Amino acid sequence: MKATLKYLAGIAGPSGYGSKTTAEQATKDFSNSSNSQLTAIITGATSGIGAETARVLAKRGVRIVLPARDLKKAEILKEFIQKETPMAQIILLEIDLSSFASIQRFCAEFLSLQLPLHILINNAGKFSQKLEFSEDKIEMTFATNYLGHFLLTELLLEKMVETAEGCGIQGRIVNVTSVVHNWVKRDQFRFSQLLNPKKYYNGTRAYAQSKLANILHAKELSRQLKARNANVTINAVHPGIVKTGIIRDHKGFITDSLYFMASKLLKSTSQGAASTCYVALSPQTEGMSGKYFADCNESHSSVLANDEIEAHKLWKGTRVLIHRRFLPHVNS
C-alpha cells in the first residue's frame, strides 16, 4: 500500500526522481557536449516510449540508430526529431526482431558503418492476443521480445566492449521489461513450452514470460560481463504502465468504463520513457549492472527473476538454440 501511494503521489526516491518524472526531467542535467560522442541503438522506436526515448536522447546530443520494420514510420519520426533538434544525427536501418535472419542483416549493416556503440536499448515489445509463430517457427511474442533482443545483443556485444575499451566510456545495455513478470510461476517457465506452447495459449501470460526472460537475460549477462572485466553494464527497466499500443491491445478484455478509470493511473509516454533514459545516461547508474529499475530508482523484481540458476539455464538454452539450430556458422 505504501509503495502504491508513493507511486500515485509521484514521490521521489533516492535518485531524486519518481513516477511522475518525465524523460526530459530525468536527463536535464546531462550536457549535449558530453553526449555528442555517444551512439545508441533503440529498438521499437517508431512509436510509444521508444520514440520518446529516441527524441530525448537525440535532444541530449546522442547519435541515434533506429532499427525499424517500417522505414516509412521511422522516416516520419526522424523528421519530427530533427524539426525539434536540427543537429540530431539519426540513422535508419531495417529490421524484423522476430526474424533471426533479419537481425543478422541489421547487425552486419550496422557494423559495416564502423560506428562506435555505447548504448543498446532493447525496447521493442510485442503482444499477441492469438497464437502466432515467427518465420523461425517460434511463438511470436517470445521470439520478438526476448529471443530477438538476445541475438541482437549477442551480435553487437563485442562492438560495445571494444568501444568501451577504446574510449573509456562505459557501455550500457537496457532491457525494457514489465512488472507483469511477477505473474509468472516457476512451473509455467519451461523453455520448450515458451518456444512452442502446447497447451492453451494466453497472450498476457506469454507477454509476462517474455518480460521475465528479459530480466533473467540482464542478470546472467551482467554476471558474465563482470567476470571478464568488461566495461559494459546491462540492466532491466520497468517503464510503468504506459498509454501505449500494448495497453490498447488489452482493452478488449475490460469494459470501456473500467479502461477509462484505469487510464487515469497510467503514465504518459514521456513519464514511461524516463527510467530508460535515466539508466542509459545518468552518472548515478555508472557501474550498476544486473539491476532492476522502476520510476528511475533501483527496485525489486520477483524471486524467480533473481534466480541465478534459472538465469544461467535460460541463457544456456537460448544460446544452444540460436547457435546450433539457426546459426551453425557462428562460433559458439
Side-chain angles (χ1 to χ4, degrees), residues 39-47 50 53-54 64-74 90-128 132-163 171-177 191 194-196 206-207 209-211 213-214 216-218 220-221 224 232 234 236 314-332:
T39 298
I41 292 176
I42 308 170
T43 68
T46 56
S47 63
T53 299
I64 305 297
V65 178
L66 294 182
R69 186 171 53 182
D70 188 336
L71 290 178
K72 288 184 179 179
K73 288 179 68 176
I90 301 176
I91 299 168
L92 310 182
L93 296 175
E94 189 173 13
I95 196 173
D96 177 352
L97 272 169
S98 71
S99 164
F100 288 169
S102 178
I103 295 167
Q104 283 185 283
R105 287 193 296 271
F106 164 81
C107 290
E109 190 171 0
F110 171 75
L111 294 173
S112 72
L113 298 177
Q114 298 187 326
L115 293 172
L117 181 58
H118 306 88
I119 302 168
L120 173 60
I121 299 178
N122 292 320
N123 165 80
K126 171 75 175 177
F127 173 81
S128 296
E132 301 177 75
F133 290 93
S134 69
E135 68 179 32
D136 299 308
K137 297 181 174 56
I138 296 171
E139 189 278 312
M140 186 65 79
T141 299
F142 194 66
T144 304
N145 295 359
Y146 169 66
L147 288 175
H149 284 129
F150 183 101
L151 178 58
L152 182 69
T153 304
E154 179 102 336
L155 295 177
L156 295 176
L157 187 59
E158 292 311 311
K159 167 57 71 172
M160 294 195 72
V161 172
E162 173 190 305
T163 298
R172 302 192 186 193
I173 304 169
V174 181
N175 283 359
V176 178
T177 181
F191 191 61
L194 298 173
L195 299 174
N196 187 357
Y207 182 76
Q209 289 168 333
S210 72
K211 291 304 179 179
N214 290 146
L216 291 170
H217 175 219
E220 173 62 18
L221 186 54
Q224 295 182 19
V232 176
I234 178 169
L314 176 64
W315 179 88
K316 186 176 180 180
T318 305
R319 209 163 192 268
V320 168
L321 170 78
I322 289 175
H323 285 259
R324 293 185 182 175
R325 182 175 169 189
F326 295 107
L327 307 177
H329 60 285
V330 177
N331 294 327
S332 296

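Quantities reported herein were computed from a predicted structural model and do not represent experimental measurements.
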Looking at [Y], is its backbone amide N or carbonyl O close enough to the side chain of [X] to form a donor-acceptor pair, meaning the two atoms are under 3.5 Å apart?
X	Y	answer
Lys126	Tyr207	no
Asn214	Thr177	no
Asn123	Gly44	yes
Thr163	His118	no
Thr43	Ala124	yes

**Prompt:** So, are Lys316 and Glu220 salt-bridged, with charged N and O less than 4.0 Å apart?
**Reply:** no
Do [X] and [Y] touch side chain to side chain, with heavy atoms closer than 4.5 Å?
X	Y	value
Leu113	Val65	no
Cys107	Leu156	yes
Phe127	Asn145	no
Thr46	Asp70	no
Tyr146	Thr318	yes
Leu321	Leu195	yes
Phe106	Leu155	no
Leu147	Asp136	no

**Complete:** For Ser98 and Thr144 the tightest heavy-atom approach is CB-OG1, 3.4 Å
**Request:** Looking only at non-hydrogen atoms, find the nearest pair between Phe110 and Lys159 and report the distance.
**Result:** CE2-CG, 4.4 Å
**Request:** Report the residues that fulfil side chain to side chain contact (heavy atoms under 4.5 Å, CB included) with Leu221, sequence neighbours left out, ordered by chain and then residue number.
**Result:** Thr153, Leu157, Ile173, His217, Gln224, Leu225, Ile234
**Fill in**
By salt bridge (Lys or Arg N to Asp or Glu O under 4.0 Å), Glu135 pairs with (sequence neighbours left out) none
**Item:** Residues Asp96 and Ser102: side-chain donor-acceptor under 3.5 angstrom
**Value:** no
**Message:** Please verify the inter-ring angle class for Phe150 with Trp315; under 30° counts as parallel, over 60° as perpendicular, anything in between as tilted.
**Reply:** tilted
